[in-house]
Each structure stands twice: as structure tokens, then as C-alpha cells.
Chemist: 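Would you mind keeping the following structure in view while I ask a few things?
Any value given below was found using the heavy atoms of this structure, including those in side chains, with hydrogens, waters and symmetry copies removed.
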Amino acid sequence: MAEVSIELKTAPADFRFPTTNQTRHCFTRYIEFHRCVAAKGDDSSECQKFANYYRSLCPGEWVERWNEQRDSGTFPGPL
């Protein structure tokens with residue numbers, strides 16, 4: 001059987017979030033991704049890094065809920 005190599009990455013350190021609690025970092029990266037998509041379009045490769053960041057930081061349940069809130073127009077963050 002061939003050996004498969006998987007490389008795991010997370011968001012780089014960000015001086016705006018110096019503590020170990022990464023909740024705010026997660027939320028900010030999620031917002032940055034959606035702002036980027038709004039500005040540059042769904043197909044922008046520049047936005048992919050933000051998607052990778054929030055996906056590595058945020059629990060899936062939060063992202064699902066935020067997506068539902070965005071769809072219904074009740075998302076609490078600035079997009």
C-alpha cells in the first residue's frame with residue numbers, strides 16, 4: 001500500500017490575538033473571508049487563505065450556524 005502524506009496547517013500567529021483563547025480570531029477570519037468574497041467574487045484565489053484560516057480555527061457547528069444566519073440575514077457581524 002502506498003504511503004499518503006497529509007500536511008496540516010493552521011492560521012499563522014496574529015498579533016491582534018495574543019491570548020490562547022482563539023474565539024475572536026476565528027470570528028475575525030470568518031468575516032475576513034466573506035468580505036474578501038464580496039469584494040473579489042466567489043472564484044477569487046486570494047480569498048482561499050482566509051477560508052483555510054477560519055476552517056482551521058472555528059468549530060464546524062459555529063460555521064454552520066453563521067452560514068444559516070447569513071442566509072437568513074441575522075448574522076451579527078459586519079460583512
Chemist: In Å and rounded to the nearest 0.5 Å, what is the NZ to CZ distance from Lys49 to Phe33?
Modeler: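 One gets 13.0 Å once the value is rounded to the nearest 0.5 Å.
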Chemist: May I ask you to test the Arg65-Trp62 pair for a side-chain heavy-atom distance under 4.5 Å?
Modeler: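 Contact flag for Arg65/Trp62 side chains = no.
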Chemist: Just verifying a value: how many Å separate Cys47 SG and Asn52 CG, rounded to the nearest 0.5 Å?
Modeler: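 CG of Asn52 is found 11.5 Å from SG of Cys47.
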Chemist: Assess the residue pair Glu32 and Arg29 against the criterion (salt bridge (Lys or Arg N to Asp or Glu O under 4.0 Å)); give the C-alpha distance rounded to whole Å, side-chain angles, the decisive distance to 0.1 Å, and a yes or no.
Modeler: CA-CA 5 Å; Glu32 287 175 337; Arg29 295 300 188 172; 3.2 Å; yes
Chemist: Same cluster for Ile31 and Leu57 if Ile/Leu/Val/Met/Phe/Trp/Tyr side chains link at under 4.5 Å?
Modeler: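 No; Leu57 is not reachable from Ile31 via cluster members.
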Chemist: Quick check for you: to the nearest 0.5 Å, what is the distance between Tyr54 atom OH and Cys26 atom SG?
Modeler: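 Tyr54 atom OH to Cys26 atom SG measures 9.5 Å (nearest 0.5 Å).
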Chemist: Rounded to the nearest 0.5 Å, what's the gap from SG on Cys36 to CD on Gln48? Could you check?
Modeler: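 Going from the SG atom of Cys36 to the CD atom of Gln48 covers 10.0 Å.
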Chemist: Which donor-acceptor pairs under 3.5 Å do the side chains of residues 66-79 make with protein atoms, sequence neighbours left out?
Modeler:
residue: Asn67; atom: OD1; partner: Tyr30; partner atom: OH; Å: 2.6
residue: Asn67; atom: ND2; partner: Val63; partner atom: O; Å: 3.3
residue: Arg70; atom: NE; partner: Tyr30; partner atom: OH; Å: 3.0
residue: Ser72; atom: OG; partner: Glu68; partner atom: O; Å: 3.2
residue: Ser72; atom: OG; partner: Gln69; partner atom: O; Å: 3.2
residue: Ser72; atom: OG; partner: Thr74; partner atom: OG1; Å: 3.0

Chemist: With sequence neighbours excluded, tell me which residues meet side-chain hydrogen bond (donor to acceptor under 3.5 Å, both in side chains) with Ser44.
Modeler: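 Once residues adjacent in sequence are excluded, Ser44 has no partner under the side-chain hydrogen bond (donor to acceptor under 3.5 Å, both in side chains) criterion.
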Chemist: By side-chain hydrogen bond (donor to acceptor under 3.5 Å, both in side chains), which residues pair with Lys40, not counting sequence neighbours?
Modeler: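 Checked Lys40 against side-chain hydrogen bond (donor to acceptor under 3.5 Å, both in side chains); matches are Glu46.
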